[in-house]
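Below: one structure, written as structure tokens.
No experiment lies behind these values; they were computed from the predicted model shown.
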Amino acid sequence: MQNTMSLARARKAILLSLASACAFAGLVATPARAAFPDKPIKLVVPFAPGGGTDLVARTMAITMGQELGQPVIIDNKPGAGTIIGTDAVAKSAPDGYTMVMATVAHVVNPSIQPKLPYNHEKAFAPVMLVGISPNVLVVRADSPLKSVKDLIDAARKNPGKLSFASQGAGTSAHLAGELFKNLTKTHITHIPYRGAGPAITDLLGGQVDVMFATAAAVGTFVESGKLRALAVTTATRSAAHSLAQVPTIAESGVPGYVADSWYGLYVPAGTPADVIARLNATAKKAVQTDAFRKRVESEGLVIQGGSPQDFDKYAKGEEARWRKVVKENNITTE
């Protein structure tokens, strides 16, 4: 009897030891998630360096890095109307260490691109709407085109001869130009680039005639006199000092014309809510710094901020608005 009880106690001790070992192994196999962030964060800009999106991203990245205690590194991935860079983020791990600085192209591409390499509705989670700004219709300083009327007259006289540059197919600048063509019944050839920087270089060099560009991209060139602004694309005139006297396209003879530009942060879908909240809070601080305000407000950007939910609602409204414009005006990437 005693031997039987001793054997039972031994078996029980063995079972308890095995249970403890399994529990310990489980703890080792699934460690707690490290405090975010514990390594550098990548901010993808789906354009070439030197444009408005690049400027906004780099200015924000400095303060965000300081607040987070880890560097925020800009990764320029231009091409395919922002799809190359956007797709890279869609396929990144949903851990908060990869973001994209999106523009209106993010919500327009589903309407004008027959096939996207990612599921637009399911691949991303919003972080924050950074700001909204006008696009600006600009020409080089020595251009014979002095007004919107001059451009319309020249385009009607020589259909297809004039060209307009944009920072890429499907971008706000591309749509601004296509909407202009449709409302004015003109034919102006679209020349897409892999970012505003290369497009501005060719505009200054005379390879293209006009450009629809974000105010952040061309503001300094307008102030320096290298480019002349003919009009802004917003419903009202810009409050930016360099653009305050520039008329809107609507008041220049194209009634009903409006084509805003904007910037916003996204991360891959599935990113933990607490990580998104941390990025949102940090981004809010970044856009409220004096350094950011002075850099972007002088070029027409109206700073936004707000919650991820606010940005999601705004972006879905923009997607619906532009889908209607694209369909009604037969806008394509060609």
By side chain to side chain donor-acceptor pair (under 3.5 Å), which residues pair with S163, not counting sequence neighbours?
D209
Of all heavy-atom pairs linking L43 and V100, the shortest is CD1-C, 3.9 Å
So which atom in T282 and which in E67 form the shortest heavy-atom distance, rounded to 0.1 Å?
CG2-CB, 3.5 Å
Taking all non-hydrogen atoms of both residues into account, name the closest pair between Y263 and A216 and its distance.
OH-CB, 3.9 Å
Should the ring pair F180 and F212 be called parallel, tilted or perpendicular, given that the plane angle runs from 0 to 90° and is split at 30 and 60?
tilted
Euclidean distance, L151 CG relative to L230 CG, rounded to 0.5 Å:
7.0 Å
Between N182 and Y257, do the side chains contain a donor N or O and an acceptor N or O under 3.5 Å apart?
no
Those residues at least two apart in sequence (or on a different chain) that pass side chain to side chain donor-acceptor pair (under 3.5 Å) with R293 are Q288, E297
Do D312 and K316 sit within salt-bridge range, that is, some charged N less than 4.0 Å from a carboxylate O?
yes
E178/K181 salt bridge by N-O under 4.0 Å criterion:
yes
Indicate yes or no for a side-chain donor-acceptor contact from R237 to the backbone of A231 under 3.5 Å, with no hydrogens or angles considered.
no
Taking atom types as modelled, is there a side-chain donor on T184 or T186 under 3.5 Å from an acceptor on the other?
yes
With sequence neighbours excluded, what pairs up with R140 under the side chain to side chain contact (heavy atoms under 4.5 Å, CB included) test?
D142, S143, L227
Are any non-hydrogen side-chain atoms of N76 and D54 less than 4.5 angstrom apart?
yes
For S307, side chain to side chain donor-acceptor pair (under 3.5 Å) partners two or more places apart
Q309, D310
For K324, does the NZ atom have more than 12 heavy-atom neighbours from other residues, nucleotides or ligands under 6.0 Å away?
no
For the pair T289 (side chain) and A286 (backbone), establish whether a donor and an acceptor sit closer than 3.5 Å, ignoring hydrogens and angles.
yes
Ring centres under 6.0 angstrom apart (Y118, F124)
yes
Residues forming a side chain to side chain contact (heavy atoms under 4.5 Å, CB included) with E318, sequence neighbours excluded
V104, V107, W262, Y314, R321, W322
Residue list, side chain to side chain contact (heavy atoms under 4.5 Å, CB included) with K91, at least two apart or on another chain:
D87, P117
